[in-house]
2 protein chains.
Amino acid sequence: MPFHYSNCVPKSDSNATEDILKAAANPNVISFAGGLPAPELFPVAAVKKATDKVFDQYGQQVLQYAGTLGYPKLRKQIAQIMQDRQVDASADNVAIATGSQQAIDLVAKMLINPGDVVLVEDPTYLAALDVFRSYGADLVGVAMDDDGMQMDDLEQKLAAHPDAKFIYTVPNFQNPTGRTMTAARRERMTKIADAAGVPIVEDDPYGAIRYAGEMLPPIKHYDHTGNVVSISSFSKMLAPGLRIGWLTAEPAFLKKYMLLKQNADLHTDNLTQYIISQFLMDEDLPAHIKKITDVYEHRAKLMLAEIDREFPDDVYHSQPEGGMFIWVEVPGNIDSDELAKRCLEANVAVVPGSAFYSGKAQPGTFRLNFSNMNDEQIKVGIKRIAQVLNDLGAE
Amino acid sequence: MPFHYSNCVPKSDSNATEDILKAAANPNVISFAGGLPAPELFPVAAVKKATDKVFDQYGQQVLQYAGTLGYPKLRKQIAQIMQDRQVDASADNVAIATGSQQAIDLVAKMLINPGDVVLVEDPTYLAALDVFRSYGADLVGVAMDDDGMQMDDLEQKLAAHPDAKFIYTVPNFQNPTGRTMTAARRERMTKIADAAGVPIVEDDPYGAIRYAGEMLPPIKHYDHTGNVVSISSFSKMLAPGLRIGWLTAEPAFLKKYMLLKQNADLHTDNLTQYIISQFLMDEDLPAHIKKITDVYEHRAKLMLAEIDREFPDDVYHSQPEGGMFIWVEVPGNIDSDELAKRCLEANVAVVPGSAFYSGKAQPGTFRLNFSNMNDEQIKVGIKRIAQVLNDLGAE
């Protein structure tokens, strides 16, 4: 029997993210497509140790239902993490989410009515675009450059859309571009948003994974009016399989969040919240992050060097100082999907840039991930892409 | 700065479920309010053993991102559970959810446009009502009796609302009434729904927890057209803190589910999926369920006996054969919220019936949970309620 789906369901069954994961599973393919952390760096033994302790001390509690906003001790520990990032937050400002993806989804559900305008960086995180579309948002792209979202363009877009519901930004090592918004722009952005009366939704899963340049405070640091909702996660700095993210916002906002969070899954997995809390108590998270960033730095620098040597000279690439991604722009009018298809035929997976745009995509763009492949794979994979680019240039 | 919330957010901050949990936390209060399993029955040692094995065998995998529909081995094991319940299902018919609550939420999001009619039992699970309202559903109640939803009334309501998007039902030991739909009605319901072209969403978290009468097949058993989406969970038969539920449906339906599930949280906690899978392999789940149901049977029978002895003769109560709840209807026109307030003043918590109705609530109703209190608490708590009822009768 045919179901009559709501307007929340995409008309097409095509699923870019799932297709990427499938392609990456083929052992012949070198995949720069996913956004996966390097699994060999997961602190399995330490997480196991924390888990054993949790069962010994809190066996019954972790298997029982729990509060919707999250394990109070973990919320307090996260508030400390946010303070270390120069955000003035207490446990009352923190709510747990089932991964930062859920925080994006529920904040979108809280704010978007069908037809509402949401301002996004162009390009930006594709699963956020999917979420905003599912609630019927009218997406308006704001231009970027190597310093992140362009504030002049933001002002123009806000003037054109004074009723915009919020501005979505990934300020650190943005997905897909790897670009970072400067401190000056962060501060200016909060002023622009305040003046327009439009909230900022800051999505910061990568900020801790910085291997070059100076650590910048989140946009939330510059917020003096409660106008910024800041989302982050343990996925990149610890382990994504545990699905623990959070948002930092005013208690009045979290009160509304709680209503929808309760509808969504009652609360986030209790065992996992306790495990992360125990890990934070017993282990040295900054030391673990240092270990990750050292490896990612090596891989990023290697990939950038290979790109500089192998790719045609007129090809642009971003210069990330952290995170997991490099963004590539090939001049001319090459269809991005066709380009990615050619790469896959050459046994190397990239994500075509088309997936990341709110509207018309810039042609000849793609995203490269460097966190999940070893040196040899990076060298061979970049050579394969270079061959595709050279072939396209010769056609 | 004030946020402009969407229509998905309830105008009122009042939150019945959270209020219940808060009241239950006061140590002076005997709480029949929650829907919590008995924590002393959680198989902590066995879950810990399973967890250790998972870390030893799959340490890196469980900490990494994973597929959206769930851990393939667990989906296969759940398909076997569904087959044991006489539902013809393979792993392709099963998708994991972050608790059955998420399955309810996403199925609702998949089907409801603002203004769409959803048919529900009156009364029914309050967090489902909240979900349906969040997507703008127009809720229409269908009458119940001790044999579950009344099929004649369902036919009338479908005739009056031919465009209804789905029928939501909790067939086993319903929340809040504890009532079970007869096998004859289940079969008839699938025929009625097929004829009307309206899907059934079956929510069955309690079905395995049966201590009297005969096990009945889920409504999905009678479905020959793919018109029934059946939702279930490990929360009541194993542990709710782990947040693992599932839905059983046609692959075409799950393809759409996957798109929204990806938006919602990418995938459910991977570690917990592996833990439950390992538990199912190594432990005897039916034996564990038997242990739970024996205790719940004892508590239910004790509570029913106390009610029969202590409550005024003209008070109705349901006769559950499983699950966690007894439903009480006091004759006359007593405000349910006032009644629950009086009980709380007498240090016993119940959930007022008003919370469970889609429209106008039947006065003088409340829900009692028997799974989470010991014998002494049940005896004292029922006496306290009886005193309140006697006082009200004397006023």
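Residue numbers begin at 1 in each chain, while the letters A, B, ... track the order of the sequences.
- Chain B forms the most heavy-atom pairs under 4.5 Å with one residue out of A:Ala239, A:Ala103, A:Pro39, and that residue is A:Pro39.
- Counting heavy atoms from C-beta on, the side chains of A:Val44 and B:Gln60 come closer than 4.5 Å.
- Looking at B:Val62, the atoms closer than 4.5 Å to chain A (heavy atoms on both sides) all sit in the backbone: N, CA, C or O.
- Residue with the most contacts toward chain A among B:Gln273, B:Lys165, B:His267: B:His267 (heavy-atom pairs, distance under 4.5 Å).
- B:Ala108 does not touch chain A: none of its heavy atoms, backbone or side chain, sits under 4.5 Å away.
- Atom OH of residue B:Tyr65 and atom CG of residue A:Asn372 lie 11.5 Å apart, to the nearest 0.5 angstrom.
- Atom CG of A:Asp105 is separated from atom NZ of B:Lys261 by 11.0 Å, given to the nearest 0.5 angstrom.
- Looking at A:Gln64 and B:Pro37, their side chains come closer than 4.5 Å, going by heavy atoms from C-beta outward.
- Both the backbone and the side chain of B:Glu40 come within less than 4.5 Å of a heavy atom of chain A.
- Here the straight-line distance linking atom OG1 of A:Thr98 with atom CG of B:Leu266 works out to 11.0 Å at 0.5 Å rounding.
- In this structure, chain B has no heavy atom under 4.5 Å from any part of A:Ala128.
- Note that A:Lys109 lies in the cation-pi zone of B:Tyr135, set by a 6.0 Å cut-off to the ring centre and a 45° limit from the axis.
- The candidate from B:Asn270, B:Asp116, B:Leu271, B:Leu242 with the greatest count of non-hydrogen atom pairs under 4.5 Å with chain A is B:Leu242.
- For B:Thr51, the part lying near chain A is the side chain, with the backbone staying farther off; criterion is any non-hydrogen pair under 4.5 Å.
- Neither the backbone nor the side chain of B:Ser100 comes within contact range of chain A; no heavy atoms are under 4.5 Å apart.
- Atoms CG and CD1, from B:Asp269 and A:Ile244 in turn, are 7.0 Å apart once rounded to the nearest 0.5 Å.
- Residue A:Asn7 holds its CG atom at 4.0 Å from CG of B:Asn113, rounded to the nearest 0.5 Å.
- Using a 4.5 Å cut-off between heavy atoms, B:Lys49 makes no contact with chain A at all.
- The part of A:Lys11 that comes within reach of chain B is its backbone (N, CA, C, O), which places non-hydrogen atoms under 4.5 angstrom from that chain.
- Cation-pi check for A:Lys256 over B:Tyr5 is met; the charged atom lies under 6.0 angstrom from the ring centroid and within 45 degrees of its normal.
- Residue contact with chain A, scored on non-hydrogen atoms closer than 4.5 Å, involves the side chain of B:Val229 exclusively.
- The minimum heavy-atom distance between A:Lys48 and B:Asp56, with the atom names listed, is NZ-OD1, 2.9 Å.
- With rounding to the nearest 0.5 Å, the separation of CG in B:Asp265 from CD in A:Gln102 is 6.0 Å.
- A pairwise comparison of heavy atoms in B:Leu111 and A:His4 identifies CD2-O, 3.7 Å as the closest pair.
- Residue with the most contacts toward chain A among B:Pro10, B:Ser6, B:Pro114: B:Ser6 (heavy-atom pairs, distance under 4.5 Å).
- Both the backbone and the side chain of B:Asp52 come within less than 4.5 Å of a heavy atom of chain A.
- Heavy atoms of B:Ile275 lying under 4.5 Å from chain A belong exclusively to its side chain.
- For B:Leu260, the part lying near chain A is the side chain, with the backbone staying farther off; criterion is any non-hydrogen pair under 4.5 Å.
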